[in-house]
Amino acid sequence: MNLEEKKREYFGTPLSFEELDPNPLQQFAKWYEAALQAEPLEPNAVALATSNLRGESRVRYVLLKGIDERGFLFFTNYSSIKGKHLEENPKASFACYWPTLYRQVCVSGRCEKSSPETSFNYFQSRPFLSRVAAYTSPQSQPVPKERAYLENLFNQNRLRFESGDVPMPENWGGYWLIPETIEFWQGRENRFHDRFVYFKEAGGQWRIERLAP
Ligand SMILES: Cc1cc2nc3c(=O)[nH]c(=O)nc-3n(C[C@H](O)[C@H](O)[C@H](O)COP(=O)(O)O)c2cc1C
């Protein structure tokens, strides 16, 4: 299979230092609004990288469910592989790619668990069967090969909680990724892209640099 033939020119609108918001979270919000209009499917999907203290790393997609001045919020199972990594090493990164706009954003920082209230409120907002699934699934643990094992557990829990609330599992909840660097990448013609990275300074203010493409 020849992957070299897969080529696409990037015709993004230029990104200049002058138009950047001094606050990268505001800049992200601006780009995210544009992505919501332009990208038909899951513009909030980000590839999240974590690693343990042995330096073993893993990347997988999660969905961003909140952005504010603190950073970026996602939800997961705290006993999953990513949960175990973050327990040992809270440093994490994510990248998102909005192909219609020729844009990538790369964020690095550290993760902190969200408050139980934040996790609970989001858990409650999920459809009943998604809550049953979160309650049922020991995410990232090996289970018997036959899917019937999981289906049976799911059905048992669906019947069990049919007439009431699904309890939020203790090992389920959110993480805030608190950014230390955020890079905005705008694809341009001839692979001669625009890249600006924000660094969080000790005093809390952001410093911006242009990087070569
Ligand atoms: C588009 C997409 C969105 C996903 N969103 C989430 C999410 O928000 N939370 C989550 O725990 N897993 C999500 N997953 C599943 C994860 O990619 C992953 O399989 C799971 O979290 C277990 O990862 P781990 O074993 O590395 O911890 C998503 C997968 C895809 C493809």
Side-chain angles (χ1 to χ4, degrees), residues 25 28-29 31-68 70-101 103-147 149-151 153-154 157-158 166-179 182:
L25 290 147
F28 187 92
W31 272 26
Y32 186 72
E33 282 300 319
L36 270 181
Q37 305 302 320
E39 304 293 347
L41 296 172
E42 300 186 305
N44 58 333
V46 302
L48 173 80
T50 59
S51 60
N52 63 18
L53 289 179
R54 288 193 302 281
E56 295 158 343
S57 64
R58 192 173 144 77
V59 63
R60 82 293 276 161
Y61 280 90
V62 295
L63 296 176
L64 293 182
K65 292 290 174 178
I67 306 168
D68 73 9
R70 247 168 313 179
F72 304 88
L73 178 66
F74 62 91
F75 293 92
T76 192
N77 184 305
Y78 292 140
S79 308
S80 64
I81 296 171
K82 75 183 87 48
K84 287 180 178 152
H85 278 186
L86 291 170
E87 195 70 39
E88 279 186 25
N89 172 17
K91 296 272 188 182
S93 302
F94 73 72
C96 53
Y97 175 45
W98 296 311
T100 311
L101 300 169
R103 284 176 175 172
Q104 169 182 242
V105 183
C106 302
V107 177
S108 296
R110 54 191 306 284
C111 285
E112 282 179 11
K113 283 183 181 170
S114 63
S115 69
E117 294 73 40
T118 299
S119 300
F120 182 75
N121 289 340
Y122 177 67
F123 188 77
Q124 290 299 100
S125 78
R126 289 167 55 122
F128 171 72
L129 292 178
S130 303
R131 281 179 281 147
V132 171
Y135 183 91
T136 302
S137 171
Q139 193 179 54
S140 313
Q141 308 301 318
V143 288
K145 289 190 179 53
E146 302 71 31
R147 186 172 166 90
Y149 169 82
L150 287 171
E151 298 278 0
L153 280 182
F154 182 86
N157 287 327
R158 183 167 62 175
V166 184
M168 182 176 79
E170 270 180 24
N171 61 353
W172 191 94
Y175 284 103
W176 284 102
L177 197 158
I178 297 157
I182 306 188

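Both counts, for ligands and for their atoms, begin at 1 and track the order of listing.
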Query raised in the report: Looking at CG of L63 and CG of L73, how far apart are the two atoms once the value is rounded to the nearest 0.5 Å?
Result: 11.5 Å

**Report entry** Interatomic distance, T76 atom OG1 to Q139 atom CD [nearest 0.5 angstrom]
**Finding:** 4.0 Å

Query - Value rounded to 0.5 Å, distance of NZ in K65 from CZ in F75 - result: 8.5 Å

Report summary line: Output for ligand 1, non-hydrogen cut-off under 4.0 Å, lists E42, R58, R60, Y61, V62, L63, F75, T76, S80, I81, K82, Q139, S140

Requested in this report: Please name all residues satisfying ring-ring contact (aromatic ring centres under 6.0 Å, His included) with F74, sequence neighbours left out, ordered by chain then number.
Outcome: Y175

**Report entry** Side-chain H-bond candidate by donor/acceptor type, S93 with S108, under 3.5 Å
**Finding:** yes

Query - Heavy-atom side-chain contact between R158 and F128 under 4.5 Å - result: yes

